[in-house]
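Structure record follows, encoded as structure tokens.
For reference, positions follow the sequence shown, starting with 1.
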Amino acid sequence: MNILLVGSGGREHALAWKIAQSPLVTRLVAAPGNPGIEKLCELRAVKADDAEGLAALAQEIKADLVVVGPELALAAGLADRLAAAGIPCFGPTAQAAQLETSKAFSKAFLERHAIPTAGYGVYETVADAKGALDRFAAPYVIKADGLAAGKGVAISPDRQDAEAEIERMLGGRFGAAGARVVIEEFMDGEEGSLFALCDGKQAVLFGGAQDHKRAFDGDLGPNTGGMGAYSPAPVFTDALVQQANDLIVQPTIQKMAEEGAPYRGVLYAGLMATEDGPKVVEFNARFGDPECQVLMMRFAGDIVPYLLACARGDVSGLPPAAFKPQTVICVVMAAKGYPDSPLEGSTIRGADQDFGPHVQVFHAGTKRRDDGALTAAGGRVLNVCAEGDDIAQARERAYEAIAKIDWPGGFNRTDIGWRALDRE
């Protein structure tokens with residue numbers, strides 16, 4: 001098979017690493033890719049939001065499958081263009097991707113079909129949003145409606161902070177993505193990410209993970225796109241996963257199809273384990289980042305048949321996804337200043353060394369200078385992933401690898417996996 005992989009982050013490096021292992025692959029091309037992905041396949045300089053250029057590239061290389069990594073490509077309608085060209089695409093249409101690209105759409109969909117989630121309201125003016133705070137209790141959950149690279153969520157401890165956040169979001173902090181805000185009831189519980197592979201009619205579960213959204217140790221600081229993750233996540237007991245599948249995942253896929261927007265690809269269900277059972281925090285229309293990295297390292301099979309079955313519209317013949325019993329942890333190394341003003345261009349040494357059989361370093365935001373030096377070219381720059389017999393061993397291996405990377409311009413959390421360790 002000829003496969004086109006779209007994207008340039010750590011998620012896409014992990015997907016390329018896993019796809020390249022498949023005996024079904026004849027040719028793998030990534031666009032635009034990164035220096036880590038370049039070691040695994042061909043790169044083409046087509047940006048992830050250039051749907052027309054990507055569709056043309058897929059036709060040029062006679063792609064049998066296009067795997068979409070980032071949400072920007074989905075929002076740009078890449079899956080729609082590929083469908084028109086008759087090329088199977090792992091990723092939903094722009095209409096179905098609204099489960100992620102518009103929080104207002106997603107919340108209305110959940111409410112319409114009585115799928116468990118927090119109460120909410122949608123507001124377009126500062127005055128209306130501030131007035132709506134009367135109907136909610138602190139802490140206040142305020143979200144930009146559109147795509148904000150994982151940074152468009154604020155949890156405000158008091159009304160003063162909530163009003164300031166409303167002013168920032170509706171005042172243009174996230175551009176068009178913040179033209180509306182969603183205010184939600186705060187849900188008390190533990191959050192986790194559950195994944196399902198979908199063919200437009202049905203879904204099969206594909207593991208779970210737990211992310212760390214805040215920038216600094218102790219879950220402090222601003223929200224980010226994710227500073228680390230691990231899998232399996234102890235919060236996902238068998239009973240909770242069964243409830244989530246019955247009450248959230250399957251109804252979502254069925255109702256999207258009934259509404260004329262069949263969903264193909266991976267559904268990322270961000271869930272809160274509450275006293276009343278699992279509730280939806282958010283949906284993503286792609287593999288999470290950095291959750292994808294730990295899932296790809298734990299998945300024991302060939303990923304390509306699973307991606308292709310979703311793209312072709314029939315997952316019924318797939319065997320249940322098999323995962324290694326080991327725990328995998330991912331620690332994100334980010335550029336200083338992330339998430340607000342990450343410092344770009346700093347030199348990274350030691351990231352390309354062999355860290356042994358239990359460690360993988362995925363590139364997330366890197367560039368290679370003409371002299372061969374690796375540099376930071378984004379907010380989240382490296383994903384240091386390690387497997388172990390338990391969370392403690394996996395974490396020890398990850399942080400040992402980080403200690404071997406010389407990058408004064410970066411930082412990372414030192415407490416990834418703390419919830420799982422506390423349980424033990």
Side-chain angles (χ1 to χ4, degrees), residues 10-24 67 69 90 190-199 202-212 226 228-245 248-250 265-271 273 278 284 286-310 315-331 357-360 362 383-395 397-398 416-417 419-421 423-424:
R11 166 183 48 225
E12 289 77 36
H13 189 180
L15 284 167
W17 174 78
K18 194 66 177 176
I19 292 168
Q21 297 172 28
S22 172
L24 300 174
V67 179
F90 179 81
E190 187 173 345
E191 192 173 347
S193 309
L194 186 66
F195 296 85
L197 301 180
C198 315
D199 64 8
Q202 57 189 323
V204 293
L205 295 181
F206 193 78
Q210 191 164 59
D211 191 10
H212 299 64
Y230 59 92
S231 177
V235 65
F236 285 129
T237 63
D238 290 345
L240 187 75
V241 169
Q242 189 64 55
Q243 271 189 300
N245 191 42
I248 295 169
V249 174
Q250 300 301 335
V266 61
L267 180 70
Y268 165 136
L271 305 177
N284 287 334
R286 33 77 194 185
F287 280 114
D289 188 348
E291 294 96 335
C292 181
Q293 290 84 313
V294 294
L295 288 177
M296 290 304 112
M297 281 187 66
R298 281 195 66 226
F299 183 57
D302 183 347
I303 193 65
V304 171
Y306 289 79
L307 305 177
L308 188 61
C310 294
V315 298
S316 61
L318 288 174
F323 290 89
K324 299 174 186 176
Q326 287 86 355
T327 294
V328 176
I329 192 169
C330 175
V331 180
H358 303 295
V359 175
Q360 294 290 335
F362 296 115
N383 305 145
V384 180
C385 303
E387 65 179 7
D389 292 335
D390 54 27
I391 186 70
Q393 186 181 52
R395 188 160 98 151
R397 285 171 172 168
I416 301 302
R419 285 187 185 274
L421 281 172
R423 271 187 162 90
E424 292 182 359

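With contacts defined as side-chain heavy-atom distances shorter than 4.5 Å, the pair E190/Q210 qualifies. Looking at heavy atoms from C-beta onward, T327 lies out of side-chain contact with S231 at the 4.5 angstrom threshold. Residues I391 and Y230 have side chains in contact (heavy-atom distance under 4.5 Å, counting atoms from C-beta outward). Contact of the D302 side chain with the S22 side chain is registered, since non-hydrogen atoms from C-beta on lie closer than 4.5 Å. Taking 4.5 Å as the limit, every side-chain heavy atom of Q360 sits out of range of all side-chain heavy atoms of M296.
The heavy-atom pair separating R397 from E387 by the smallest distance is NH1-O, 2.7 Å. Taking each heavy atom of P278 and A244 in turn, the nearest pair found is CG-N, 3.9 Å. The two residues G228 and P290 have their closest heavy-atom pair at C-CG, 3.7 Å. Across all their heavy atoms, M297 and C385 have their closest contact at SD-CB, 3.4 Å. I329 approaches A394 most closely through the heavy-atom pair CG2-O, 3.4 Å. The shortest heavy-atom contact between N383 and C330 is CB-SG, 3.6 Å.
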Distance-only criterion, 3.5 Å: show the donor-acceptor pairs between side-chain atoms of residues 234-242 and protein atoms not counting sequence neighbours.
residue: T237; atom: OG1; partner: L240; partner atom: N; Å: 3.1
residue: Q242; atom: NE2; partner: D246; partner atom: OD1; Å: 3.1
residue: Q242; atom: NE2; partner: D246; partner atom: OD2; Å: 3.2

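Formation of a donor-acceptor pair under 3.5 Å by the H212 side chain with backbone atoms of G417 is found in this model. R11 places a side-chain N or O within donor-acceptor distance of the main-chain N or O of G69, the cut-off being under 3.5 Å.
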Report the C-alpha separation of I19 and L307 in whole Å, then their side-chain angles, then the decisive distance to 0.1 Å, and conclude whether the side-chain contact (heavy atoms from CB on, under 4.5 Å) test is met. CA-CA 10 Å; I19 292 168; L307 305 177; 4.0 Å; yes

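The closest side-chain donor-acceptor pair between Q250 and N245 falls under 3.5 angstrom. Looking only at atom types and distance, the side chain of Q393 has no donor-acceptor partner in the side chain of Q326 under 3.5 Å away.
E191 CD to D211 CG: the interatomic distance, rounded to the nearest 0.5 Å, is 8.0 Å. Residue Y268 holds its OH atom at 10.0 Å from CG of L295, rounded to the nearest 0.5 Å. With rounding to the nearest 0.5 angstrom, the CG atom of L15 is 12.0 Å from the CZ atom of R286.
For the pairing with C310, the side chain to side chain contact (heavy atoms under 4.5 Å, CB included) check across L318, V315, V204 returns one residue only, V315.
Considering only residues two or more places apart in sequence or on other chains, F362 meets the ring pair (Phe, Tyr, Trp, His ring centres under 6.0 Å) condition with H13, W17.
Taking the six-membered ring for Trp and thresholds of 30 and 60 degrees, F299 and Y306 have ring planes more than 60 degrees apart, a perpendicular arrangement. A tilted orientation is assigned to the rings of F195 and F287, their planes being inclined by 30° to 60°.
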